[in-house]
Protein chains: 2
Amino acid sequence: MSVQDDLGRQMGGRFSTAIVQFHAAVAERVGLNVSDYKCAEIIRRLGPINPARLAAATGMSTAATAQVVNRLEKAGLAERRPDPGDGRRTLVHPVEQGTAQEELGRIFAGFGARMAAVMEAYDEEQMRTLLDFVSRTTEVLEAEAVTLRRR
Amino acid sequence: MSVQDDLGRQMGGRFSTAIVQFHAAVAERVGLNVSDYKCAEIIRRLGPINPARLAAATGMSTAATAQVVNRLEKAGLAERRPDPGDGRRTLVHPVEQGTAQEELGRIFAGFGARMAAVMEAYDEEQMRTLLDFVSRTTEVLEAEAVTLRRR
DNA sequence: ATTATTTAGCTAAAGTACTTAGCTAAATCC
DNA sequence: GGATTTAGCTAAGTACTTTAGCTAAATAAT
């Protein structure tokens, strides 16, 4: 039972479950379902984005994405605007102010503080190792997901 | 823009999305929805388990869990048996053989091989750091999820 | 230039999954 | 021995996702 095995087990089971549960709890707290919350995050992260790309990023159909955007507009978290360069296209813009955004800010401030406390245990060198590991693992996960879907 | 910020950003965004997407892809590949797949994993990991605990572990209602177990039984991934000690209780047992399990084995063998390649870059000391980080982060995530739901 | 095709996004209807409510049976309590 | 609690299930209602089909704008073809 090596350290590597421990790590693999932890990553595959409790850790990934914890991530999913945490995001589900955040979404619930803000009054969104998990899909809507995930889309809101992507919109905020990738700036103005068109529905097709949003659909591709989440793996959902474009129809489902349109309905997600409908709900996010109602919730005041996103806004549809016509693409000035192409009349067919729509750009979904993030809306930065509003109660939902403020609540999200508070939640992630609390989470950030706790993670900062965890981080204090590591020096610069170790943090570089952690970042490297997270980056590489992300790439493997993304690549595997694509491979699995492609077949 | 410190290494710590980079890590926080990566963890909050791309990494957690990648985990979710990967598990969704695996589930789809095996012909299950994400909830059913997650339950199957928990059943396999925690051995014979009763529906109430399974519901608590996933955050779903016991009613939804009963329906999940119905589908898993049909899929040949789990089996209900009466608890010998308490006639009210049911124990959900994992079923180890079958095509779905074999497919899962193949998928995780491939994933494991790629992660092993990532791991080669680290020595024992670094892997201990990684395991420590993952464990602590898991605890923070679980605690935060509970706190968010409690209020 | 006008028509045909492709592209982007949307709505509507159908299917699937989760929740709330209510039921049955076994164990425990008095 | 009857009342209450506990565990699990089914059924009906709600919500989200998909498939199918539509409209409008851009591009291609004749």
Side-chain angles (χ1 to χ4, degrees), chain A residues 17 20-21 23-43 46 48-75 77-93 149, chain B residues 20-21 23-25 27-43 46 48-75 77-93 149:
Chain A
T17 300
V20 173
Q21 295 289 84
H23 283 285
V26 173
E28 193 185 319
R29 192 103 186 80
V30 189
L32 297 174
N33 66 52
V34 176
S35 301
D36 290 6
Y37 166 66
K38 200 202 296 182
C39 284
E41 190 199 42
I42 292 172
I43 292 165
L46 302 183
I49 186 176
N50 52 331
R53 265 193 73 198
L54 191 54
T58 58
M60 287 194 306
S61 66
T62 59
T65 305
Q67 293 172 337
V68 168
V69 175
N70 287 344
R71 289 191 293 268
L72 290 180
E73 278 197 321
K74 262 188 195 161
L77 282 163
E79 198 176 27
R80 265 189 261 246
R81 293 195 207 168
D83 186 325
D86 187 334
R88 296 168 299 182
R89 293 194 174 178
T90 300
L91 284 173
V92 183
H93 291 253
R149 284 235 161 82
Chain B
V20 173
Q21 294 290 86
H23 283 284
E28 193 185 321
R29 192 100 185 81
V30 189
L32 297 175
N33 66 52
V34 175
S35 301
D36 290 5
Y37 164 66
K38 199 201 294 181
C39 285
E41 189 200 42
I42 292 172
I43 292 164
L46 302 183
I49 185 175
N50 52 330
R53 266 193 72 199
L54 191 54
T58 58
M60 286 194 306
S61 66
T62 58
T65 304
Q67 293 171 340
V68 168
V69 175
N70 286 344
R71 290 191 292 269
L72 289 180
E73 277 197 322
K74 261 189 196 161
L77 281 163
E79 197 176 26
R80 263 189 262 248
R81 292 196 207 167
D83 185 325
D86 188 333
R88 297 168 299 181
R89 294 194 174 178
T90 302
L91 284 172
V92 183
H93 290 253
R149 283 235 161 83

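All heavy atoms count here, side chains included; hydrogens, waters and symmetry mates do not. Quick caveat: nothing in here was measured; it's all calculated off a predicted structure.
- A:N50 comes within contact range of the sugar-phosphate backbone alone, with a heavy-atom separation under 4.0 Å but no base atom that close.
- In this entry the distance linking CG of A:N70 with P of D:dC16 reads 12 Å, nearest Å.
- Residue B:S35 is classed as a sugar-phosphate contact, given heavy-atom separations below 4.0 Å to backbone atoms only.
- Residue B:A52 is in sugar-phosphate contact alone, with no base atom involved, counting any heavy-atom pair closer than 4.0 Å across all strands shown.
- Here chain B contacts DNA chain C (any atom closer than 4.0 Å to a heavy atom, that is under 4.0 Å), and the contacts span C:dA17 to C:dA27 from 5' to 3'.
- Residue A:R53 is out of contact with every strand shown, counting any heavy-atom pair closer than 4.0 Å.
- A distance of 10.5 Å separates OG1 of A:T58 from CG of A:D36, quoted to the nearest 0.5 Å.
- When each of B:A63 and A:R88 is assigned the nucleotide of DNA chain D bearing its nearest heavy atom, the one mapping closer to the 5' terminus is B:A63.
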B:N50 vs B:D83, side chain to side chain contact (heavy atoms under 4.5 Å, CB included): CA-CA, chis, key distance, verdict:
CA-CA 9 Å; B:N50 52 330; B:D83 185 325; over 6 Å; no
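- In this structure, A:G59 and A:G87 both approach DNA chain D, and ranking their closest nucleotides by distance from the 5' end singles out A:G59.
- Across the protein-nucleic acid pair, B:Q67 atom CD and D:dG13 atom P stand 15 Å apart, rounded to whole Å.
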From CA spacing to verdict: side chain to side chain contact (heavy atoms under 4.5 Å, CB included), B:L91, B:I49: CA-CA 5 Å; B:L91 284 172; B:I49 185 175; 5.9 Å; no
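- Note on A:R71: only backbone sugar-phosphate atoms sit closer than 4.0 angstrom, heavy atoms only; bases stay farther off.
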Only pairs under 3.5 Å count here: list side-chain donor-acceptor contacts from residues 60-69 of chain B, not counting sequence neighbours, and write none if there are none.
residue: B:S61; atom: OG; partner: B:A64; partner atom: N; Å: 3.1
residue: B:T65; atom: OG1; partner: B:S61; partner atom: O; Å: 2.8

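- The shortest distance between side-chain heavy atoms of A:L32 and A:L77 falls below 4.5 Å.
- Using a 4.0 Å heavy-atom cutoff across all strands shown, A:T90 reaches sugar-phosphate atoms only and no base atom.
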- Starting from the C-alpha separation in whole Å, work towards a yes-or-no answer on salt bridge (Lys or Arg N to Asp or Glu O under 4.0 Å) for B:R81 and B:E79. CA-CA 6 Å; B:R81 292 196 207 167; B:E79 197 176 26; 3.4 Å; yes
